[in-house]
Number of protein chains: 2
Amino acid sequence: MLTNSRLVHQSHDHERCINAALLCANDLCAEKNARMTTTRESVLRLLWQSYRPLGAYQLQDQLAEMLGKPIAPPTVYRAIEFLLQLGLIHRIHSLNAYIGCPFPNSEHSNLFMICTQCGSAAEVAHNTVNNVLQSTCDKLNFTLQSQSIELFGLCPRCSDNTEVSNHD
Amino acid sequence: MLTNSRLVHQSHDHERCINAALLCANDLCAEKNARMTTTRESVLRLLWQSYRPLGAYQLQDQLAEMLGKPIAPPTVYRAIEFLLQLGLIHRIHSLNAYIGCPFPNSEHSNLFMICTQCGSAAEVAHNTVNNVLQSTCDKLNFTLQSQSIELFGLCPRCSDNTEVSNHD
DNA sequence: TTATTATTGTTATATTATAACGTATTATGC
DNA sequence: GCATAATACGTTATAATATAACAATAATAA
Ligand SMILES: [Zn+2]
Ligand SMILES: [Zn+2]
Ligand SMILES: [Zn+2]
Ligand SMILES: [Zn+2]
């Protein structure tokens, strides 16, 4: 099982994670002859900075502030499109929002655990889950191509807080 | 495993399915003191008629034609909201579309198999899948509340056609 | 009937996403 | 370097999806 669950929910030096992600993204671009421009890197940084998925128009605001100039929607969507193509970010359909992928190098079919309290999203790639899904598809003669799995509930931190607040 | 996969992909007397679904919906409403109005029943019928999920504005068009009068978006969204609440329909997030639930009576956590070729969507409730997901959540201290699982690929029928067309 | 609640009609608008086209920047071949 | 092509960005307008707010109507209850 591959997951960033602990990193999402426990405090740590996240600047290091962000920098590592950006370096890794630059490598990937070099490898694929794609250009990591200022706009694209800024969007990727913003998505990594946030522990919760960001919508396109949240990104627009934050990007405008970061770059010190007005940014129009197409600019944001182009950056999103580019990063999605490279597998550097994922789209969370139920939220119309985007989030950085913690393991863009490994081919993986993933799922997200999204906290309904604090909005955090952790990514999980689990072979057991994927195998069960694959065999279910096989059974029904469905040729699986890709998946979008979004689980909603309470993250470890919010689960604990809820228990505590029940004592009020 | 509970699924309407075969009904979705094999020809059969679908009018019977629709009528059964509407009867069942009426029963559910009676039971919960909810009102099954003309608008709501029409939307449910339209969603059942279609083997593929319908968007709100597709529903608006078809509903206007069915009822012979102009229908505004809020009317459609209210009917959708009502039917979602009762568990008579589901939302497919990745498509911004809606589809009738084939087994609204049974408490179930479901997934959808969505054909990227013909657009059909089959619903599957599978304990093995749900158990694996639940235990994955347990492992990561995530308190699961609900899920949105959307699998994309080729339905049985389109899988066969693809094989055939490969011989061209 | 009258009061109360639930539903629908209507208008306006919010939110998310894309089309179209021109300009600027970056890479490539000479 | 310079011409050329390819790529990325700026700008404006608009499409597609969804909701807010309030008035009118219909169903239920008293
Ligand atoms: Zn990922
Ligand atoms: Zn949380
Ligand atoms: Zn269902
Ligand atoms: Zn198909």
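Here is the naming used below: chain letters follow the sequence lines, and residue numbers restart at 1 for every chain.
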Q) Do other residues, nucleotides or ligands put more than 12 heavy atoms under 6.0 Å from the CZ atom of R91(A)? A) yes

Q) To the nearest angstrom, how far is E81(A) atom CD from dC9(D) atom P? A) 13 Å

Q: Give, for atom CG of L88(B) and atom SG of C29(B), the distance between the pair rounded to the nearest 0.5 Å.
A: 6.5 Å

Q) Which listed nucleotide (dA18(D), dA17(C), dA27(C)) is nearest to the side chain of N96(B)? A) dA18(D)

Q: Would you mind classifying the nucleic acid contact of Y98(A) as base, sugar-phosphate or nothing, using non-hydrogen atoms under 4.0 angstrom?
A: sugar-phosphate

Q) Can you tell me if the side-chain N/O atoms of K69(B) get under 4.0 Å from OP1 or OP2 in dT8(C)? A) no

(Q) Is there a side-chain contact between Y77(A) and the phosphate of dT18(C), meaning an N or O under 4.0 Å from OP1 or OP2? (A) no

(Q) Using a 4.0 Å heavy-atom cut-off, does R78(A) contact any base of the nucleic acid, only the sugar-phosphate backbone, or nothing at all? (A) base

**Q.** Nearest-angstrom distance from the residue atom CZ of R35(A) to C1' of dT25(C)
**A.** 8 Å

Q.
Would the distance check show the side chain of S120(B) and the main-chain N or O of Y51(B) forming a donor-acceptor pair, the cut-off being under 3.5 Å?
A. no

Q. Just by distance, do the side chain of Q117(A) and the backbone of C155(A) share a donor-acceptor pair under 3.5 Å?
A. no

Q) Within this structure, what is the CZ-to-P distance between R91(B) and dA18(D), rounded to whole angstrom? A) 5 Å

Q. So does T37(B) get a side-chain nitrogen or oxygen closer than 4.0 Å to the phosphate oxygens (OP1/OP2) of dT8(C)?
A. yes

(Q) Tell me the interatomic distance from M36(A), atom CE, to dC9(D), atom P, rounded to whole angstroms. (A) 11 Å

(Q) Using OP1 and OP2 only, check whether a side-chain N or O of T39(A) sits under 4.0 Å from dC9(D). (A) yes

Q) Is the phosphate of dC9(D), meaning OP1 or OP2, less than 4.0 Å from a side-chain N or O of T75(A)? A) no

Q.
Rounded to whole Å, how long is the line connecting atom OH of Y57(A) with atom P of dA16(D)?
A. 14 Å

**Q.** Aromatic plane relationship, F103(B) with H108(B) - under 30° parallel, 30 to 60° tilted, over 60° perpendicular
**A.** perpendicular

Q: On DNA chain C, check which nucleotide each of A97(A) and P70(B) is closest to and give me the residue with the more 5' one.
A: P70(B)

(Q) For a quick check of understanding: with a heavy-atom distance under 4.0 Å over all strands, which category does R40(A) fall into, base, sugar-phosphate or nothing? (A) sugar-phosphate

Q.
Heavy-atom nearest nucleotide on DNA chain D for A72(A) versus F82(A): which residue maps closer to 5'?
A. F82(A)

Q | Nearest-Å distance for atom pair CD/P, residues E41(A) and dC9(D) | A | 12 Å

Q: Take atom CG of L59(B) and atom P of dA16(D), then tell me their distance rounded to the nearest Å.
A: 16 Å

Q: Let me know the distance between CG of L54(B) and P of dT17(D), rounded to the nearest Å.
A: 12 Å

